[in-house]
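Residue numbers count from 1 along this sequence.
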Amino acid sequence: MSQSKSDLRNQVRMTRKNNPVNTDFDYLLDIPEIGNSEVIASYYPTEFEPNLLKLNSELLFRKKILLLPRIINSQIEFVKFEGGELNRNGIFQEPIGLPFFGEINTILVPALAVDRNGYRLGQGGGYYDRFLTSTNAYRIAVINDSEFLKSLPFEWHDQKVDAVALSGRLVDRKSTRLNL
């Protein structure tokens, strides 16, 4: 692929800004990986990311342990979130509290794009790639339909996701349910 990661990031950000998508991704509540999980790591979306606020609220209502990320010393850590206040750190809204050290069953991973091999294009900080090396959690990248691509440039440190959540369907790499 001739296009650089930086160029792709800029292209996706511009498309998201000009064409926001209003999917709430609540269909994910019906998949086994969410239903059977006790601990789910999610995120609080920035302005143009796919919106998980309704999904996060429903996870809390269903008594799931909901974790949200924060950045500390160039590393991502997750904190139990039970609703309430968040701290602003640049463009991010981060939870307040002690880091979570238990096992995460499922992680909803923000992405700018994902390819058919499961490689994701993140924001470029490498936070999620570093974290994903330390967990066996089921990994679901959350993107808009137009951001699901045939291929992406990748490097040795890029971590794959197990599935891609699109506006109305889950595409799963590991099952016969829906293959990438």
Side-chain angles (χ1 to χ4, degrees), residues 9-10 12-31 33-114 120-144 147 159 161-168 170:
R9 284 185 186 99
N10 291 334
V12 172
R13 289 177 185 132
M14 186 62 65
T15 300
R16 282 182 174 181
K17 183 177 180 179
N18 293 330
N19 303 299
V21 176
N22 295 319
T23 300
D24 58 22
F25 295 93
D26 61 345
Y27 74 88
L28 291 174
L29 295 164
D30 297 327
I31 68 167
E33 292 80 8
I34 297 287
N36 297 331
S37 290
E38 180 181 343
V39 180
I40 299 169
S42 184
Y43 62 91
Y44 190 96
T46 60
E47 186 176 11
F48 300 109
E49 286 182 315
N51 192 334
L52 297 185
L53 296 180
K54 183 178 175 187
L55 177 66
N56 290 345
S57 292
E58 186 61 29
L59 291 170
L60 288 173
F61 179 77
R62 294 183 183 201
K63 307 292 187 213
K64 302 292 184 179
I65 296 173
L66 178 64
L67 308 177
L68 294 181
R70 71 175 171 206
I71 306 301
I72 302 290
N73 299 324
S74 299
Q75 298 294 319
I76 196 171
E77 65 181 20
F78 288 89
V79 175
K80 184 176 180 181
F81 182 71
E82 296 173 329
E85 285 187 45
L86 295 166
N87 277 337
R88 180 169 285 285
N89 180 4
I91 64 168
F92 303 107
Q93 297 283 335
E94 298 181 334
I96 301 165
L98 298 174
F100 180 83
F101 290 108
E103 181 181 345
I104 298 171
N105 307 117
T106 300
I107 182 169
L108 301 170
V109 184
L112 291 168
V114 178
R120 68 178 263 287
L121 180 69
Q123 294 289 352
Y127 302 113
Y128 274 91
D129 285 321
R130 285 190 295 277
F131 178 78
L132 291 173
T133 64
S134 68
T135 183
N136 291 323
Y138 186 78
R139 306 158 182 202
I140 304 172
V142 183
I143 59 173
N144 299 319
E147 299 158 1
Q159 298 296 302
V161 294
D162 299 309
V164 180
L166 301 169
S167 65
L170 184 75

Checklist line | Least distance between heavy atoms, D162 atom then A137 atom | finding: OD2-O, 3.8 Å
Check: Run the side chain to side chain contact (heavy atoms under 4.5 Å, CB included) check on R9 and L121 step by step: do they pass?
Finding: CA-CA 8 Å; R9 284 185 186 99; L121 180 69; 3.8 Å; yes
Notebook entry, point to check: Closest heavy-atom contact between P50 and F25?
Noted result: CB-CE1, 3.5 Å
Notebook entry, point to check: Does the side chain of Y128 reach to within under 4.5 Å of the side chain of P69, using non-hydrogen atoms?
Noted result: yes
Next item on the list: Kindly say whether the aromatic ring centers of F81 and Y44 come within a distance under 6.0 Å.
Entry: no
Check: Is there a donor-acceptor pair closer than 3.5 Å between any side-chain N or O of R120 and the backbone N or O of A141?
Finding: no
Next item on the list: Could you name each residue pair satisfying side chain to side chain donor-acceptor pair (under 3.5 Å) that touches residues 60-82, not counting sequence neighbours?
Entry: E58-R62, R70-E77, K80-E82
Item checked: Euclidean distance, L55 CG relative to Y27 OH, rounded to 0.5 Å -> 9.5 Å
Notebook entry, point to check: Out of curiosity, N36 CG to N105 CG, how far, rounded to the nearest 0.5 Å?
Noted result: 9.0 Å
Next item on the list: Taking the side chain as every heavy atom from C-beta outward, state whether T135 and L132 have any atom pair closer than 4.5 Å.
Entry: yes
Margin query: Holding to side chain to side chain donor-acceptor pair (under 3.5 Å), I want the full list of residues that pass it with N56, two or more places apart in sequence or in another chain.
Written below: S42
Notebook entry, point to check: Please walk me through it: do I143 and L166 pass side chain to side chain contact (heavy atoms under 4.5 Å, CB included)?
Noted result: CA-CA 6 Å; I143 59 173; L166 301 169; 3.7 Å; yes
Notebook entry, point to check: Given the rule in the side chain to side chain contact (heavy atoms under 4.5 Å, CB included) test, do V142 and Y43 qualify, once you have shown the distances and angles that lead to the verdict?
Noted result: CA-CA 10 Å; V142 183; Y43 62 91; 3.7 Å; yes
Item checked: Gap separating the CD1 atom of I34 from the CG atom of D26, nearest 0.5 angstrom -> 12.0 Å
Next item on the list: Supply the atom-to-atom distance L52 CG to D24 CG, rounded to the nearest 0.5 angstrom.
Entry: 9.5 Å
Item checked: Gap between atom CG of L68 and atom CD1 of I40 - 0.5 Å precision -> 11.5 Å
Check: Counting only heavy atoms not in N136, do more than 12 sit closer than 6.0 Å to its CG atom?
Finding: no
Check: Okay, side chain of T106, backbone of E33: is any donor-acceptor separation there less than 3.5 Å?
Finding: yes
Checklist line | side chain to side chain contact (heavy atoms under 4.5 Å, CB included) assessment of V114 paired with E147 | finding: CA-CA 7 Å; V114 178; E147 299 158 1; over 6 Å; no
Check: If only atom types and distance count, is the side chain of R16 paired as donor or acceptor with the main-chain N or O of E47 below 3.5 Å?
Finding: no
Checklist line | Sole candidate of L86, I71, V79 that passes side-chain contact (heavy atoms from CB on, under 4.5 Å) when paired with E94 | finding: I71
Notebook entry, point to check: Nearest 0.5 Å, what's the CD-CD1 distance between E103 and I65?
Noted result: 11.0 Å
Check: For Y127, which residues count as a ring pair (Phe, Tyr, Trp, His ring centres under 6.0 Å) partner, sequence neighbours excluded?
Finding: none
